[in-house]
Amino acid sequence: MNRLHVELPGLSLKNPVMPASGCFGFGQEFSQLYDLNTLGAIMIKATTLEPRFGNPTPRVAETAAGMLNAIGLQNPGLNGVLANELPWLEQFDVPIIANVAGSEMNDYVEVAKEISKAPNVHALELNISCPNVKKGGIAFGTIPEVAAELTKRVKDASAVPVYVKLSPNVADIVGMAQAVEEAGADGLTMINTLLGMRIDLKTGKPILANQSGGLSGPAIKPVAIRMIYEVSQRVTIPIIGMGGIESVDDIIEYLYAGASAVAVGTMNFSDPFICPRLIEELSNKLDELNVSQLSELVGRSWKSYAG
Amino acid sequence: MNRLHVELPGLSLKNPVMPASGCFGFGQEFSQLYDLNTLGAIMIKATTLEPRFGNPTPRVAETAAGMLNAIGLQNPGLNGVLANELPWLEQFDVPIIANVAGSEMNDYVEVAKEISKAPNVHALELNISCPNVKKGGIAFGTIPEVAAELTKRVKDASAVPVYVKLSPNVADIVGMAQAVEEAGADGLTMINTLLGMRIDLKTGKPILANQSGGLSGPAIKPVAIRMIYEVSQRVTIPIIGMGGIESVDDIIEYLYAGASAVAVGTMNFSDPFICPRLIEELSNKLDELNVSQLSELVGRSWKSYAG
Amino acid sequence: MIQQEIMRVVSQREIARNIFELILEGAMVQQMKQPGQFVHILPNPGLDPLLRRPISVAHIDKMKNQFTVIYRAEGKGTNLLSQYTVNRQLDVLGPLGNGFPINATDSSETALLVGGGIGVPPLYELAKQLTKQGVETKHVLGFQSSEVVFYEKEFSRYGETYIATVDGSLGTKGFVTNVIAEKQLDFDVIFACGPTPMLNALQQEYKDKKGFLSMEQRMGCGIGACFACVCHVNEPVNGKDYVKVCSDGPVFPIGRVVLT
Amino acid sequence: MIQQEIMRVVSQREIARNIFELILEGAMVQQMKQPGQFVHILPNPGLDPLLRRPISVAHIDKMKNQFTVIYRAEGKGTNLLSQYTVNRQLDVLGPLGNGFPINATDSSETALLVGGGIGVPPLYELAKQLTKQGVETKHVLGFQSSEVVFYEKEFSRYGETYIATVDGSLGTKGFVTNVIAEKQLDFDVIFACGPTPMLNALQQEYKDKKGFLSMEQRMGCGIGACFACVCHVNEPVNGKDYVKVCSDGPVFPIGRVVLT
Ligand SMILES: Cc1cc2nc3c(=O)[nH]c(=O)nc-3n(C[C@H](O)[C@H](O)[C@H](O)COP(=O)(O)OP(=O)(O)OC[C@H]3O[C@@H](n4cnc5c(N)ncnc54)[C@H](O)[C@@H]3O)c2cc1C
Ligand SMILES: Cc1cc2nc3c(=O)[nH]c(=O)nc-3n(C[C@H](O)[C@H](O)[C@H](O)COP(=O)(O)OP(=O)(O)OC[C@H]3O[C@@H](n4cnc5c(N)ncnc54)[C@H](O)[C@@H]3O)c2cc1C
Ligand SMILES: Cc1cc2nc3c(=O)[nH]c(=O)nc-3n(C[C@H](O)[C@H](O)[C@H](O)COP(=O)(O)O)c2cc1C
Ligand SMILES: Cc1cc2nc3c(=O)[nH]c(=O)nc-3n(C[C@H](O)[C@H](O)[C@H](O)COP(=O)(O)O)c2cc1C
Ligand code: FES
Ligand code: FES
């Protein structure tokens, strides 16, 4: 039996490592670098009902051990993704997690309904936490009642399990997690980016054309670990953890905190081969830790265990 | 006229740079390294009504471009500070900003009342945002009504202007800032630390004995800049900015964002001479920027200005 | 094929104020196809700074397995880069993007190569390859001041070379467009790389000419996956209303991209 | 006086598996007073890693303006440190803390120096200074296994030296306490540095002896300002119920600090 195997609602993963949404497009570019079949899953870029161009540029800025982005959910729209992106991905034996976004609840519901029918979409990731769009996005992610309502409606519409992606820009992450769990979420993915800004010293204006953007990368890892540690003890649904993962030790830290699988975002840019590398290293790490199944590590930081 | 001079409620600062609370003790240690008279002000460690030992150790952990702390407000208590720390600081011609903390509203009020009478205390910094104490602390910092009520009562008790220190662990920082402004705050200091955690891979448990702690350092700077940018446009009281400042460019970025002065925390540990160094460099920077008064830079990122 | 390679520093020298010429060695050089392609360099292992820096290929030497980049040490990453000494190792991703189409010109034609500041480097390999093809090249290189002028002699070897400096300390005072007008330079095709205002001026002036412009944008991935570097286009390309500078460009036919 | 100094690397060598001996040169050496003091080293300019690393002074050479540290390359910072080669520069803050009081012993007495792992280094300068004062020193040094044993010969020069290894691959199998019991070592004063369980065992066993223990704690500032490194004490000291390891210690009289 494959020690790296992870079983989650809708997802039978050969390993727990997947690229995070928005950092991997729809896979085509990275497929030129390595075989996508090595991945546990792929979280594709957010899909909205209509095609979107997104925000003006500059859309990224560097920060200490992190970066800001304000892409603004650029994507070819539901029809484009259904017609081109998903069929192309069918050549790989990798479950796709479709990231669903919108400005109105109805948009979300419509996208969820259609995209969840695609044969290789095994789960949805409900993006209620994107900081970079004027309407919707993060608003859904900071008010528990709204998030719950949206979760319920998407869940009703979806043919596959629904993971809700939580925003860290809240005072009470546990309350938010419990609200969406109660509304029927099958799992959580956390965390999305923190809201941040950098100012260009030459112009005196924000670097990003959108002014503020989402902070990601190693800088935010401690925030993610803290939130997963708290939430995993208070919900029964599984968590896919993300935020600054750059090493196999980081993966272990996420598992200990309470994540069942992990996603790598920003670090794909600094090291485009990071996902296959981590998957390889993870196997050795399990030898070192002397565990026969990855799941033994999940939640170790708060579970009492023998040994 | 001194170009670095900054005039704020209760504070006539010879320059805008001061050490942040908790990163400088009560000044005695750093006074062995350099002349404290060079500083714009000193934000002393939080004072509570009774002496506190604080949390068990380990109390600090390193993170990517940042650190976590869970000191737990260790301090000699109001009487100790009044009897020993503040009198010792009187030898310096530097305004003291006294950081006030507590578990109950009454504690805050009592400390504020007494400590604000000390001759060298020119302002209070109301710490409603400490993540490292079980009672009070951050609870006051995440509910606007509670924060407002506390501000009002402390303001009534204090003999000097009151700055409220905001927690970044909220969804709506502007709402919080406006609530305390309305309650009578004379200024804001922002930001305190983000809640974070790291897990020790050897033990599988959180590194900090307190489990979670406050994330500080350059990692959080983009979050601080974003919040100051938003808040400074929506309140009329001045802001003292902090979070990861490590260079004179960072100071300019804070001023552009809307801060009127800045505090340096974590970087005092990596570079104990950072405050006097930045003060010196700031003067040259003003030449370079060709400005005759520091205040011209405040809020440039959102003010339209000629040139 | 895009490779990630730990390359060896062959040499590094400051050729003008804060302008460095860095020669790197490794197998990736064999993959370099066109002048105008770029590499994505990680200035430091570790997390600070975090992102790679896009730098154009300025000269390719396939025989020696070496290539040259020329860059300005400005911010954190490029300053760190300038501290790499001989034999140290550098993490490079490349070659990336689509460069200048040298086959778009034939040997009877004259090409005008226009570079501004750190937009000059990719034109050097271009001048070399065009010359080798028998194309006549003229070069107009614009800089801030004489202190940051570089490679004037090197370009002269391939053809007439004019310098413009903003402060007039060398060559014509003003911009590259002043030189072209003043010297009444004639050409069949124009190739340019430099700051957006320069490209914009050229695009407006020569929209009916054959020409190719190399663009800059802040980048994340450098390979087309993150949508950081998109630009609007004047007419849809392959059914899309945008292009990505990193993977569709950085070089585009004149008139294609909306410049402002 | 505490100084921050950019010091020069005089030498660096691996003296046992992952154990490095690093010699640094600079004016700060003149300020070093006691064995057992430490320095706070910034392993890297830049922000990753962010914090300094506390490392004990293992040998002082005032004539040459040089001092030695011995450390284990373990995490991010110490691994980076181990890559510094001769003549590179390192940002050091020090000397910090209060070390072993060598005047607490007179020349008629015998001192037992007990070190565990990377707690061994500060005892080396201590052995030297005590010997110079005419004090007889015996050394018990505990390690995990023979591969990480270091400085056995160097200590032997100053007095009887016993090695314990947990796996028995060198010297006595077990802990330093096993050696002391087994060899029935006699002494008037004990000095120890090592992991807390070792210090705890010694403190319980020898609470009535004259002795001094050097402690470790995670640190922020290293100079007493941040309250990261406090320990409870058994009896109030100067009216305080705690001490700071960095500025009150790292060496404390046996029995003073609550160890668990
Ligand atoms: C396709 C392409 C080719 C380039 N070729 C060259 C070249 O040959 N020589 C040269 O000197 N420069 C070139 N540049 C510009 C170069 O990438 C930037 O000067 C460099 O990234 C700045 O990094 P820094 O560490 O100095 O600045 P920092 O301020 O530390 O950079 C912070 C972040 O902003 C990005 N950034 C800052 N300025 C620019 C810019 N002008 N363009 C793109 N990203 C920027 C950085 O990449 C980094 O992510 C090229 C840019 C692109 C897009
Ligand atoms: C007073 C004192 C003297 C010391 N002397 C020596 C010595 O002579 N030789 C030696 O090898 N080691 C010594 N240590 C331990 C040494 O400081 C740690 O091994 C080192 O800080 C670990 O850093 P890292 O980069 O390897 O680990 P990382 O895991 O990258 O460290 C992360 C953070 O945790 C801190 N940390 C991790 N482990 C320890 C530890 N055991 N003690 C204190 N902080 C820790 C680091 O300083 C850093 O802030 C001493 C510690 C103290 C407090
Ligand atoms: C350039 C970029 C684009 C992103 N786009 C999306 C997106 O479309 N949908 C989404 O849910 N998250 C998006 N994210 C957030 C990431 O999926 C991830 O949650 C976050 O970056 C934290 O992980 P990291 O630190 O490993 O990057 C994006 C992040 C980046 C850096
Ligand atoms: C070790 C440590 C102790 C702190 N103690 C306090 C405190 O007592 N009161 C307070 O208001 N803030 C405290 N802070 C927060 C800082 O004052 C500051 O708001 C925060 O660290 C962000 O600034 P920085 O990134 O420059 O450190 C502490 C921070 C650190 C790192
Ligand atoms: S930089 Fe990522 S798409 Fe161009
Ligand atoms: S490390 Fe800061 S008080 Fe000891």
Side-chain angles (χ1 to χ4, degrees), chain A residues 19 22-34 45-46 51-76 80 84 200-202 207-209 213 216-219 221 244 246-247 265-274 277, chain C residues 1-6 31 40-54 74-78 91-97 196 215-233 236 238-248 257-260:
Chain A
C23 303
F24 207 75
F26 296 92
Q28 307 219 13
E29 295 77 16
F30 281 90
S31 78
Q32 295 163 29
L33 302 186
Y34 59 83
K45 177 122 196 79
R52 285 206 199 187
F53 176 75
N55 293 319
T57 58
R59 293 177 170 188
V60 295
E62 194 180 49
T63 70
M67 67 177 280
L68 295 169
N69 88 80
I71 307 295
L73 298 182
Q74 177 160 21
N75 80 94
N84 305 316
D200 187 329
L201 292 188
K202 281 185 214 135
I207 292 180
L208 300 177
S216 63
K221 197 188 73 174
E246 51 113 5
S247 68
T266 302
M267 292 308 290
N268 284 296
F269 306 158
S270 308
D271 177 2
F273 294 89
I274 190 169
R277 179 169 63 74
Chain C
M1 239 208 43
I2 299 173
Q3 301 184 347
Q4 181 184 10
E5 187 177 2
I6 306 298
Q31 306 290 331
H40 220 20
I41 303 183
L42 199 64
N44 205 23
L47 306 174
D48 174 48
L50 192 75
L51 297 174
R52 292 174 180 270
R53 302 297 193 259
E74 210 177 356
K76 193 167 209 168
T78 49
D91 182 341
V92 183
L93 182 73
L96 300 178
T196 308
M215 311 249 325
E216 274 188 18
Q217 274 284 9
R218 295 213 176 212
M219 292 187 176
C221 65
I223 63 170
C226 76
F227 293 87
C229 64
V230 299
C231 294
H232 282 288
V233 286
N238 305 327
K240 290 186 176 139
D241 60 351
Y242 64 91
V243 287
K244 295 175 195 161
V245 169
C246 69
S247 53
D248 296 322
V257 173
V258 179
L259 294 170
T260 38

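All chains are named by letter (A, B, ...) in the order of the sequence lines, taking the proteins before the strands, and each is independently numbered beginning at 1.
A:S270 places a side-chain N or O within 3.5 Å of a backbone atom of C:L50 that can act as its donor or acceptor partner.
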What verdict does the side chain to side chain contact (heavy atoms under 4.5 Å, CB included) test give for A:L33 and C:Q4, after you've listed the backbone C-alpha separation in whole Å, the side-chain angles of each residue and the deciding distance to 0.1 Å? CA-CA 9 Å; A:L33 302 186; C:Q4 181 184 10; over 6 Å; no
Just do the side chain to side chain contact (heavy atoms under 4.5 Å, CB included) check on A:E29 and C:K244 with the steps written out, would you? CA-CA 12 Å; A:E29 295 77 16; C:K244 295 175 195 161; 3.5 Å; yes
For side chain to side chain contact (heavy atoms under 4.5 Å, CB included), just list the numbers for C:I223 and A:Q32, CA-CA rounded to whole Å, side-chain angles, deciding distance to a tenth of an Å, and then say yes or no. CA-CA 10 Å; C:I223 63 170; A:Q32 295 163 29; over 6 Å; no
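Looking at heavy atoms from C-beta onward, A:P51 lies out of side-chain contact with C:K240 at the 4.5 angstrom threshold.
Counting all heavy atoms, side chain and backbone alike, A:F269 lies closest to C:C221 at CD2-CB, 3.6 Å. When all heavy atoms of C:A225 and A:F30 are compared, the pair lying nearest together is CB-CE1, 3.5 Å. Residues C:F227 and A:R59 share a closest heavy-atom pair of O-NH1, 2.7 Å. Scanning both residues, A:T57 and C:A228, for their nearest heavy atoms gives CG2-O, 3.6 Å. The two residues C:P49 and A:E62 come nearest to each other via the heavy atoms CB-OE2, 3.3 Å.
Your options are A:F26, A:F273, A:F53, and the one with the most heavy-atom pairs under 4.5 Å with chain C is A:F53. Ranked by heavy-atom pairs shorter than 4.5 Å toward chain C, the options A:M67, A:Q74, A:M267 are led by A:Q74. Ranking C:Q3, C:M219, C:H232 against chain A, the residue ahead of the rest is C:H232, based on heavy-atom pairs under 4.5 Å.
With a 4.5 Å cut-off on non-hydrogen atoms, C:L51 touches chain A through its backbone and its side chain both. Using a 4.5 Å cut-off between heavy atoms, A:Q28 makes no contact with chain C at all. Proximity to chain A is limited to the side chain of C:Q217, based on heavy atoms less than 4.5 angstrom apart. Contacts of C:L93 with chain A are made by side-chain atoms alone, with heavy-atom separations under 4.5 Å and no backbone atom involved.
For the atom pair CG of C:D91 and CG of A:D271, the computed distance is 7.0 Å after rounding to the nearest 0.5 Å.
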